Structures are given as structure tokens and as C-alpha cells.
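It should be emphasised that the depicted structure is a prediction, and the values quoted were computed from it without experimental measurement.
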Number of protein chains: 2
Amino acid sequence: MAKGELSFEEFRRMVSLSMENMCRDLYLGNRASIKIKKEPVAVGNLMKILDAALTLSNKKGFSAMSLRELSSQSGLSMGALYTYFSSKEDLLHMIQRESAVVFDVLTAQLEGVRDPQARLRRAIRTHLFLSEILRPWFYFSYMEAKNLSKQEQKKAIEAELLTEKLFVDIVREGQDVGVFRDCDAELVAAVTKAMLQDWYLKRWKYARRKTTVERYAEFVTDVVEGYLGCGRRGEKKS
Amino acid sequence: MAKGELSFEEFRRMVSLSMENMCRDLYLGNRASIKIKKEPVAVGNLMKILDAALTLSNKKGFSAMSLRELSSQSGLSMGALYTYFSSKEDLLHMIQRESAVVFDVLTAQLEGVRDPQARLRRAIRTHLFLSEILRPWFYFSYMEAKNLSKQEQKKAIEAELLTEKLFVDIVREGQDVGVFRDCDAELVAAVTKAMLQDWYLKRWKYARRKTTVERYAEFVTDVVEGYLGCGRRGEKKS
DNA sequence: CTAAATATAACGAACGTTCGTTTTTTGCTT
DNA sequence: AAGCAAAAAACGAACGTTCGTTATATTTAG
């Protein structure tokens with residue numbers, strides 16, 4: 001385990017991004033369009049709806065999921081569904097917007113960490129831990145981005161570039177300080193993100209091999225640090 | 001440019017995987033179900049159909065693409081479409097199967113290359129070059145795999161693991177020979193594939209930065225070789 | 001009793017698919 | 001060459017189904 005870093009379970013407890021909390025946050029953020037007044041009822045049903053929606057969407061795609069399927073899978077009637085969103089597209093955007101909250105968590109976790117090498121490790125770990133906790137949300141957000149409206153698509157692209165910029169800045173600062181060697185920071189950030197995304201896009205592969213998220217985090221960190229010329233080379237079990 | 005490796009343009013000319021050749025191969029492989037007898041007619045229309053199908057699917061998703069859209073985009077009538085495939089699902093499987101031909105090209109390109117380091121470089125370059133030439137096919141294959149039937153999904157997973165095994169074997173042999181350091185070969189293969197996939201999944205990002213496929217190939221090779229402990233460390237323009 | 005929440009059933013639009021018809025191409029005869 | 005019948009290919013309206021959506025009725029809880 002890395003020095004001074006939280007383990008995955010510690011991290012999970014700390015951020016408390018359970019389905020219930022996500023749905024409560026989603027409810028409070030969409031009180032205008034959700035017709036249900038009583039919070040406990042609304043949150044409970046939103047959990048059923050989002051659970052079903054993420055399951056069905058991630059299995060067959062959002063547009064291939066019919067609202068009748070969503071109705072029977074969630075246990076709510078068609079009419080009830082429409083008290084929680086005003087259209088199928090509205091549901092899509094609700095999920096997409098709620099998925100974006102993680103960026104705040106990511107930046108928050110980096111606050112106060114100034115050393116570039118520590119920041120890099122922290123950013124990789126946090127990103128992986130978040131995607132592990134909210135895998136269905138991440139997967140949905142990635143795969144269904146094409147269904148968004150043009151303007152929401154722009155926002156999604158900007159968010160993607162913003163996350164990447166976060167890594168670019170870390171690499172650049174490390175280069176300025178002299179701890180990272182000179183290289184194309186944008187490419188480093190790009191492939192780092194690619195490796196992070198693989199964790200939730202191809203989750204079944206790592207699950208089958210019983211690779212833990214902590215192990216994967218360490219590995220990705222090693223690869224990136226290795227390229228940046230600051231990794232501690234040492235023993236690894238094959 | 002790497003010693004003895006073909007440039008991208010040389011590679012493109014050599015493999016000759018133009019839309020027309022892909023469609024001719026697709027026609028010959030599906031002669032049983034395609035009702036059109038004359039090859040030139042069939043290949044010409046298949047080009048229109050697949051061009052439209054890949055464009056529309058990759059923009060909004062296969063299941064969100066209606067056959068009426070496909071009809072107007074391809075310039076063929078609804079009835080004409082159904083002389084080239086027997087159902088929408090059939091079209092999906094045709095595209096998916098045709099996308100699989102690239103694996104043969106990949107393995108063919110590795111034949112005769114025995115040195116692990118050279119094999120690794122060749123595998124990375126070839127995979128990237130292929131995905132550059134056939135980007136719409138790769139993208140489609142990745143994004144629409146979930147729409148396949150259960151058994152075709154199994155085949156897709158096996159193909160994914162087979163490609164990965166190809167990289168695993170290269171790494172393992174390099175370790176046996178002693179040119180690569182000891183580490184988890186499966187993880188190395190996994191993240192290598194993740195980086196390769198990013199090239200066609202996030203193509204717009206690299207296009208915007210005017211990153212060439214040759215540059216990206218070199219970069220990925222450097223990252224992987226760097227981790228495996230055999231890369232030549234040196235100058236890089238930031 | 002009342003208001004909030006849910007269930008039911010129906011609507012028009014759009015879907016994948018089919019099929020009788022028309023248009024185009026081919027091969028043969030003059 | 002020209003004409004023509006047969007084969008091949010393309011067409012597009014229409015079918016039954018399913019979609020997202022909504023209006024109305026029923027149930028539940030304070």
C-alpha cells in the first residue's frame with residue numbers, strides 16, 4: 001500500500017457515494033421536475049428506477065431499453081415513472097448530470113497535495129476508486145454520451161478534456177520542478193486516462209482475473225511513473 | 001521512424017483494406033443471404049449501405065438508427081435494403097463478422113518476426129494502423145457488441161481475449177529471454193490494449209491535436225517498453 | 001376526507017418488415 | 001443494330017407491432 005494513501009475501503013466509507021446518497025442528491029437537484037413531494041418516497045423509488053435504468057442500459061443500450069421494460073424491472077408503473085421524469089430523454093440527462101458530480105470529488109481529493117508525484121498517484125487512485133464505486137454510472141456516461149443533445153455533448157467533451165487537463169497540469173508541473181523527464185504531457189495524460197477508463201469499460205476482464213482496484217491502481221501508477229522517469233524499479237510478483 | 005518498419009502509408013497500400021475491398025469480401029462471404037447476383041452491382045450498393053450504416057450507427061447508435069434513415073442516407077429504397085440483409089439484426093452481424101477479418105491481418109503481420117522487442121513494436125504499430133484505416137469498423141465493433149446475440153457476444157469476448165493473449169505471449173517470451181523485466185504480463189497486455197483502443201475510441205481528441213498515428217504508435221511503444229525495462233531513454237520533443 | 005401516489009388503458013407516431021408493382025438490365029432473335 | 005421477352009433489381013405503400021406519452025381511474029396514507 002502506498003504511503004499515506006487511503007485504502008479502497010477507507011475511501012469508499014469516506015466519500016459515501018451509495019446509491020441512496022446519489023439518488024437523494026439527484027432528487028434534491030431535480031425537485032423542480034420531479035412531481036413527488038415526500039423525500040423518502042421519492043428517493044426510494046428513484047433508487048429502484050436508476051438501478052433498473054443503469055442495469056438495462058448498460059446491458060442493451062439506453063435507446064434499446066423501452067420504458068415498459070424499465071417499468072417492470074423497477075416495479076413501478078408507466079404512470080409512476082412519469083412522475084419522476086418528464087421524458088425518456090430527461091431521464092438520460094438526469095443520469096448524465098448526476099454522473100458529473102464525481103469530478104468535484106476528484107478535484108477535492110487533490111486539494112492540498114502539492115508534490116507532483118504524490119498528486120499523480122492520488123489522481124490515479126481517486127479516479128479508479130470512484131469508477132469502482134460508481135461503475136454503472138461511469139459506464140453509462142461513457143457509452144451513452146452519443147445520445148445527448150448537441151449542447152450537452154459539448155459539455156461532456158469539455159468535462160473529458162478538463163479531467164485530462166488535470167493530468168496534463170500535474171505532468172507539466174513535475175517537469176518544471178524537474179522530477180519528471182521531458183516528454184509530451186498531453187499524450188501522457190491521454191493514455192493515462194485510457195488506462196483508467198479501461199477499468200470500468202472492461203471490468204469483467206479484471207473481475208475474472210481477480211485483479212483488485214488497488215493492484216490496478218499501483219500498476220497504472222508504475223507504468224506512468226516509469227515513463228516519466230521517476231518510478232521506483234523493484235520487485236513485482238508476476 | 002523505426003528501423004525496418006513500414007510507414008503508415010506504405011502499410012495502407014500493402015494491406016489494401018479499402019471500403020470496396022471490405023464490401024467485396026463481405027459480399028463473397030454472404031452470398032447465400034444476399035439476393036443480388038451480379039457482383040459489381042452488389043458491391044457498389046453494399047458500399048453505400050455500409051458507409052451509411054457505419055456513419056449513422058457511430059453517430060447515434062445502431063439501435064437508434066432506423067432503417068428509414070439508412071434508406072435515405074444510402075439512397076436505396078426500403079425494399080432494396082432487404083435484398084442485402086434479411087433483418088436489421090442480420091446487418092449488425094454482417095458488420096461485426098466483417099470487422100473480425102483484421103485479426104488475421106494482425107497475426108499475418110507478426111509472422112516471421114521472432115525477436116520479442118521487434119514483435120511488440122510490430123504488434124502495436126499494426127494494430128494502430130489497422131484501426132486507423134478501419135476506424136468506423138473498429139468503433140462500431142466496440143460500441144455495438146452489446147447488441148449481439150448471446151453466442152456472438154461470446155465470440156466477441158473470445159476475440160478480445162485472443163488479441164490480448166497475443167500481447168501476453170510476446171511479453172512472456174521477452175521475459176523468458178531476459179530482455180523484458182519480470183512483471184505481470186496480463187496487466188501489461190491489458191493496458192497496452194487500452195491505449196490502442198483509445199486511438200479509435202477518442203479519435204477526435206488526437207485529430208484535434210494533429211497527432212499522427214505514427215507518432216502515437218511510437219509513444220505507446222515507448223511507454224510499454226519503458227515499463228518493461230528495455231526502452232531507449234532519450235530526447236523527446238514536448 | 002383529501003391530497004399524494006400509483007395503476008390502467010389508450011393514443012398517435014414510428015418502427016421493422018413484407019409484397020405487389022415498376023423499372024432496369026440482360027440475352028436472344030431477327 | 002433493333003426489338004423484345006425474361007430475368008434481375010429497385011421501389012414504396014401498407015401491415016402489424018411496439019414505442020413514448022398521457023388522460024383518467026384507483027389506491028394509499030395522514
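We find that CD of B:Glu39 is positioned 17 Å from C1' of D:dA9, with the value rounded to whole Å. Taking atom CG of B:Leu76 as the reference point, atom P of C:dT23 lies 18 Å away to the nearest angstrom. In this structure, A:Lys35 atom NZ and C:dA4 atom P are separated by 14 Å, rounded to whole Å. At whole-Å resolution of the value, CD1 in B:Ile34 and P in D:dA9 are 11 Å apart. Counting to the nearest Å, the C1' atom of C:dC15 and the CG atom of B:Leu81 are 14 Å from each other.
Residue pairs meeting the side-chain hydrogen bond (donor to acceptor under 3.5 Å, both in side chains) criterion with at least one partner in residues 75-86 of chain A, sequence neighbours excluded, are A:Asn45-A:Tyr84, A:Ser86-A:Asp90. Within the structure, side-chain hydrogen bond (donor to acceptor under 3.5 Å, both in side chains) contacts touching residues 13-25 of chain B (residues at least two apart or in different chains) are B:Ser18-B:Asn21, B:Glu20-B:Arg24.
A centroid separation of less than 6.0 Å is found between the aromatic rings of A:Phe129 and A:Phe8.
Each of B:Arg209, B:Arg208, B:Arg215 was scored for a salt bridge (charged side-chain N to carboxylate O under 4.0 Å, His left out) with A:Glu186, with one residue passing: B:Arg209.
Taking side-chain N and O atoms only, A:Ser77 has a distance below 4.0 Å to OP1 or OP2 of C:dA7.
Comment: B:Arg12 does not engage B:Glu132 in a salt bridge, judged by the lack of any side-chain N to carboxylate O separation of less than 4.0 angstrom.
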Inset, instruction - Produce a footprint string for nucleotides 16-30 of chain D: one letter per nucleotide, 5' end first; B if the base is under 4.0 Å from any protein heavy atom, S if only the sugar-phosphate is, - if neither. - result: ---BBBB--------
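How far CD of A:Gln109 is from CE of A:Met14: 4.5 Å, rounded to the nearest 0.5 Å.
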